[in-house]
Participant: 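Mind looking over this structure? Questions follow.
Heavy-atom basis, side chains included; hydrogens, waters and symmetry copies ignored.
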Amino acid sequence: MKLLLIFGTRPEAIKMAPIIKSFQQTADFKLEVCITAQHREMLDQVLDFFEIIPDYDLNLMKPNQTLFDVTANGLKALEAVLNKSNPDIIMVQGDTTSAFIGALAGYYKQIKVAHLEAGLRSGNNYSPFPEEVNRKLVGHIAQYHFAPTQNAIENLVKENISNQVVNVGNTVIDALFLGLDLIKKRGEEPFEQFFTSIDFTKRIILVTGHRRESFGEPFENICNAIKEIAETYNDVQIVYPVHLNPNVKDTVNRILSGLKNVVLIDPLSYPYLIWLMNKSYIVLTDSGGIQEEAPSLGKPVLVMREVTERMEGVEAGTAKLVGTNREIIVSALKSLLDSKEEYQKMANAVNPYGDGTSSKKIISFLKEIANKPRN
């Protein structure tokens, strides 16, 4: 059986990496990798870290690209790739534009599609945008659905998608453990030297925030909440890798620069991010993947979004939805910083997104498909 994996952003590459490494260790499949690369530098960092060499590189990234550019240019470029590769199955990940066009290209060529991280739903077509609609469309194109949780499976069933659906957990956990293992094997000294500006004798609050639905007043609320915590707790250091988008960067720098226990740094590559996450005390984020990763390291997660498609973490107690309200963010952080009982309750909650064996489950499922007699 020949598989073609299609992805184009850093989060996709992270979640595809452990599958690629696992596939490379079995002789049951022929594997090819196609990157659309609408994110160039961040994508390449992940490929280099996991030592992945693509078979096809569409190199779509260009200045001021729009969703129309990525969709139209990527879809046309994939036609030539599929004509050459002629895979039995295309695998796409998540809810990006590359996942959508990968699935659509497969449909046009009547090639079966496997959807990794299937079934996530926020219930709002415009939050996150355009991801919510992308993943719905992929779900209705795909033949094989690798869901991360039982809730995701139930979301698919509500949309009359119930055939070839399997709960495998999320490969982001596989990638996290694989990445930390690679860092340990290669040596941690470069990471320790890189973060010399951070005082690890203090409790570290790692902040990641960049979602477009928070631009404007919501981001000001977030930053003012961080400022209040920084001014209240001397034993805390807040580390914020600041996204380069001016809507984020300008607001963050205006409100938070100059505070003695707030460290503003450039965006981190994946290995440096997971190393720092592992050293942190609390994670304050609007990222989807981090909501899944941090609990595997025993880190409480406060989610700065009004809605999340990852409610399993909230229900399990590993994450708490705090939105972009200043008072709510401050209250939630104070609760974790002041109460060991509240902290331990979240830190010790069981991560609902898996135990790092998702890739093995996916390969086992596909082996069964490959060994079934064909009509």
Participant: Measure from the side-chain N and O atoms of D181 to the backbone N and O of F177, and report whether any donor-acceptor pair falls under 3.5 Å.
Facilitator: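 Pair absent, no side-chain N/O of D181 close to backbone of F177.
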Participant: Heavy-atom distance under 4.5 Å between the side chains of V33 and I20, does that happen here?
Facilitator: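 They are in contact (side-chain heavy atoms under 4.5 Å apart), so the answer is yes.
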Participant: Have a look at V242 and tell me which of V252, T251, D266 forms a side-chain contact (heavy atoms from CB on, under 4.5 Å) with it.
Facilitator: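 For V242, the side-chain contact (heavy atoms from CB on, under 4.5 Å) test succeeds with only one of V252, T251, D266, which is V252.
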Participant: Less than 4.5 Å apart, side chain to side chain, heavy atoms only: is that true for F365 and V168?
Facilitator: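 No, too far: nothing below the 4.5 Å cut-off.
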Participant: Going by an N to O cut-off under 4.0 Å, is there a salt bridge joining D235 and R203?
Facilitator: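 Answer for the salt bridge query: yes.
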Participant: Indicate the atoms forming the closest heavy-atom contact of A332 with L302, along with that distance.
Facilitator: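 Looking at all heavy atoms of both residues, the closest pair is CB-CD1, 3.8 Å.
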Participant: When you compare the side chains of N234 and K202, does any donor N or O come within less than 3.5 Å of an acceptor on the partner?
Facilitator: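 The criterion, which ignores hydrogens and geometry beyond distance, is not satisfied for K202 and N234.
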Participant: What are the two closest heavy atoms between P148 and A118, and how far apart are they?
Facilitator: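 Looking at all heavy atoms of both residues, the closest pair is CD-O, 3.2 Å.
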Participant: Identify every side-chain donor-acceptor pair in residues 1-11 under 3.5 Å, counting partners at least two apart or on other chains, and give the distances.
Facilitator:
{"from": "K2", "atom 1": "NZ", "to": "S85", "atom 2": "O", "distance (Å)": "2.6"}
{"from": "T9", "atom 1": "OG1", "to": "E12", "atom 2": "OE1", "distance (Å)": "2.8"}
{"from": "R10", "atom 1": "NH1", "to": "L268", "atom 2": "O", "distance (Å)": "2.6"}

Participant: Between the side chains of T208 and T285, does any donor sit under 3.5 Å from an acceptor?
Facilitator: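 Side-chain D/A pair, T208 to T285: present.
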Participant: Below 4.5 Å, heavy atoms only, C-beta onward: do K334 and I229 meet side chain to side chain?
Facilitator: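 Answer yes - side chains close enough.
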Participant: Tell me which pairs pass salt bridge (Lys or Arg N to Asp or Glu O under 4.0 Å) where either residue lies in residues 342-352, with sequence neighbours left out.
Facilitator: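 Of all non-adjacent pairs touching residues 342-352, those that pass salt bridge (Lys or Arg N to Asp or Glu O under 4.0 Å) are E342-K345.
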Participant: Is the shortest side-chain heavy-atom distance between L276 and Y272 below 4.5 Å?
Facilitator: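 A side-chain contact is absent here, since even the closest heavy-atom pair is not under 4.5 Å.
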Participant: Counting only heavy atoms not in K361, do more than 12 fall under 6.0 Å of its NZ?
Facilitator: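 Yes.
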Participant: Pick from K15, R135, R121: which one makes a salt bridge (charged side-chain N to carboxylate O under 4.0 Å, His left out) with D95?
Facilitator: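 Going through K15, R135, R121 one by one, the salt bridge (charged side-chain N to carboxylate O under 4.0 Å, His left out) with D95 is satisfied by R135 alone.
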Participant: Going by side-chain heavy atoms closer than 4.5 Å, which hydrophobic residues are tied to I53, directly or by a chain of links?
Facilitator: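 So far as hydrophobic clustering goes, I53 is joined with none.
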Participant: Which residues pass the side chain to side chain contact (heavy atoms under 4.5 Å, CB included) test with A114, sequence neighbours left out?
Facilitator: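 I89, M91, Y144, F146.
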Participant: Is Q143 reaching over with its side chain to a backbone N or O of V113, donor-acceptor style, under 3.5 angstrom?
Facilitator: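 Pair found, side chain donor or acceptor close to backbone of V113.
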Participant: State whether a side-chain donor-acceptor pair under 3.5 Å links T36 with Q38.
Facilitator: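 Per modelled atom types, T36 and Q38 side chains form a pair under 3.5 Å.
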Participant: Pick from I205, V263, V262, T201: which one makes a side-chain contact (heavy atoms from CB on, under 4.5 Å) with Q237?
Facilitator: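 Going through the options one by one, the only one that passes is V263.
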Participant: Restricting to non-hydrogen atoms, name the atom on V138 and the atom on A99 that form the minimum distance, rounded to 0.1 Å.
Facilitator: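 That would be CG2-O, 3.7 Å.
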Participant: Can a donor-acceptor pair be found, under 3.5 Å and without considering hydrogens, that links the side chain of E292 to the backbone of V172?
Facilitator: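 No; zero donor-acceptor contacts below 3.5 Å.
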Participant: Name all residues meeting the salt bridge (Lys or Arg N to Asp or Glu O under 4.0 Å) criterion together with R186; count only those two or more places apart in sequence or in a different chain, and write none if there are none.
Facilitator: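 R186 satisfies salt bridge (Lys or Arg N to Asp or Glu O under 4.0 Å) with E51 once adjacent residues are dropped.
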Participant: For residues 324-354, pull every pair meeting ring-ring contact (aromatic ring centres under 6.0 Å, His included), keeping only residues two or more places apart or in separate chains.
Facilitator: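 Pairs touching residues 324-354 that pass the test: Y281-Y343.
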Participant: Is there a side-chain contact between I369 and N371 (heavy atoms, below 4.5 Å)?
Facilitator: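 Not touching, per the 4.5 Å side-chain cut-off.
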Participant: Flag the pair V283 / M277 as yes when at least one side-chain heavy-atom distance between them is below 4.5 Å, and no otherwise.
Facilitator: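 The answer is yes; the side chains approach within 4.5 Å.
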Participant: Check the side chains of D174 and S359 for a donor-acceptor pair under 3.5 angstrom, ignoring hydrogens and angles.
Facilitator: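 Their side chains do contain a donor-acceptor pair, which is all the 3.5 Å distance test asks for.
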Participant: Check this for me: does any side-chain nitrogen of one of R254 and D250 sit under 4.0 Å from a carboxylate oxygen of the other?
Facilitator: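 Salt bridge absent between R254 and D250.
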Participant: Can a donor-acceptor pair be found between the side chains of K136 and N125 at a distance below 3.5 Å?
Facilitator: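 There is such a pair between these side chains.
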Participant: Indicate yes or no for a side-chain donor-acceptor contact from H145 to the backbone of L156 under 3.5 Å, with no hydrogens or angles considered.
Facilitator: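 Such a contact is absent between H145 side chain and L156 backbone.
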Participant: Going by side chain to side chain donor-acceptor pair (under 3.5 Å), name the residues that satisfy it together with Q164, two or more places apart in sequence or in a different chain.
Facilitator: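 In terms of side chain to side chain donor-acceptor pair (under 3.5 Å), with neighbours along the sequence ignored, Q164 is linked to no residue.
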Participant: Tell me, please, which residues at least two apart from D69 pass side chain to side chain donor-acceptor pair (under 3.5 Å).
Facilitator: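 In terms of side chain to side chain donor-acceptor pair (under 3.5 Å), with neighbours along the sequence ignored, D69 is linked to T66.
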Participant: Between the main-chain N or O of L120 and the side-chain N or O of N155, is there a donor-acceptor pair closer than 3.5 Å?
Facilitator: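 Not a single qualifying donor-acceptor pair exists.
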Participant: Counting neighbours of CD on Q65 that are heavy atoms of other residues, nucleotides or ligands and sit closer than 6.0 Å, is the number greater than 12?
Facilitator: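 Atom CD in Q65 is packed in, count exceeds 12.
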Participant: Is there any salt bridge (Lys or Arg N to Asp or Glu O under 4.0 Å) pair reaching into residues 313-330, and which pairs are they, with sequence neighbours excluded?
Facilitator: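 The answer is E228-R326.
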Participant: Applying side chain to side chain contact (heavy atoms under 4.5 Å, CB included), can you list everything that pairs with T71, at least two apart in sequence or on another chain?
Facilitator: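 Side chain to side chain contact (heavy atoms under 4.5 Å, CB included) check on T71 returns T97, F100, I101.
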Participant: Is the F200 to W275 ring centre distance short of 6.0 Å?
Facilitator: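 Yes, the ring of F200 comes within the 6.0 Å limit of the ring of W275, centre to centre.
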Participant: Kindly indicate whether the side chain of V81, heavy atoms from C-beta on, has any atom under 4.5 Å from the side chain of N83.
Facilitator: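 Side-chain contact under 4.5 Å: no.
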Participant: Counting N and O atoms only, with roles assigned by atom type, does the side chain of T357 sit under 3.5 Å from a partner on the main chain of K360, one being a donor and the other an acceptor?
Facilitator: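 Such a contact is absent between T357 side chain and K360 backbone.
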Participant: Under 3.5 Å, is there a donor-acceptor pair between the side chain of N351 and the main chain of P295?
Facilitator: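 Flag not set: sc N351 to bb P295 has no pair under 3.5 Å.
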Participant: Could you give all pairs that pass the salt bridge (Lys or Arg N to Asp or Glu O under 4.0 Å) test and reach residues 18-31, with sequence neighbours left out?
Facilitator: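 Those involving residues 18-31 are D28-K367.
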Participant: Throw together a table of side-chain donor-acceptor distances under 3.5 angstrom for residues 56-63, partners on residues two or more places apart or in other chains.
Facilitator:
{"from": "Y56", "atom 1": "OH", "to": "E32", "atom 2": "OE1", "distance (Å)": "3.3"}
{"from": "D57", "atom 1": "OD1", "to": "R40", "atom 2": "NH1", "distance (Å)": "3.1"}
{"from": "D57", "atom 1": "OD1", "to": "N59", "atom 2": "N", "distance (Å)": "2.9"}
{"from": "D57", "atom 1": "OD2", "to": "R40", "atom 2": "NH1", "distance (Å)": "3.1"}
{"from": "D57", "atom 1": "OD2", "to": "R40", "atom 2": "NH2", "distance (Å)": "3.1"}
{"from": "N59", "atom 1": "OD1", "to": "R40", "atom 2": "NH1", "distance (Å)": "2.8"}

Participant: Given 3.5 Å as the limit, does a donor-acceptor pair link the side chain of S358 with the main chain of N170, or not?
Facilitator: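 Side chain of S358 to backbone of N170, a donor-acceptor pair under 3.5 Å: yes, one is there.
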Participant: Can a donor-acceptor pair be found, under 3.5 Å and without considering hydrogens, that links the side chain of N167 to the backbone of G169?
Facilitator: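 Indeed, once roles are kept as given, a pair shorter than 3.5 Å links the two residues.
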Participant: Would you confirm whether E306, through its side chain, and T324, through its main-chain N or O, come within 3.5 Å as a donor-acceptor pair?
Facilitator: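 Side chain of E306 to backbone of T324, a donor-acceptor pair under 3.5 Å: yes, one is there.
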Participant: So I282 and K299, side chain to side chain contact (heavy atoms under 4.5 Å, CB included) or not? Walk me through it.
Facilitator: CA-CA 6 Å; I282 297 170; K299 314 300 178 182; over 6 Å; no
Participant: State whether the number of non-hydrogen atoms from other residues, nucleotides or ligands found under 6.0 Å of F191 atom CZ is greater than 12.
Facilitator: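 Counting neighbours around CZ of F191, more than 12 heavy atoms of other residues, nucleotides or ligands fall under 6.0 Å, so yes.
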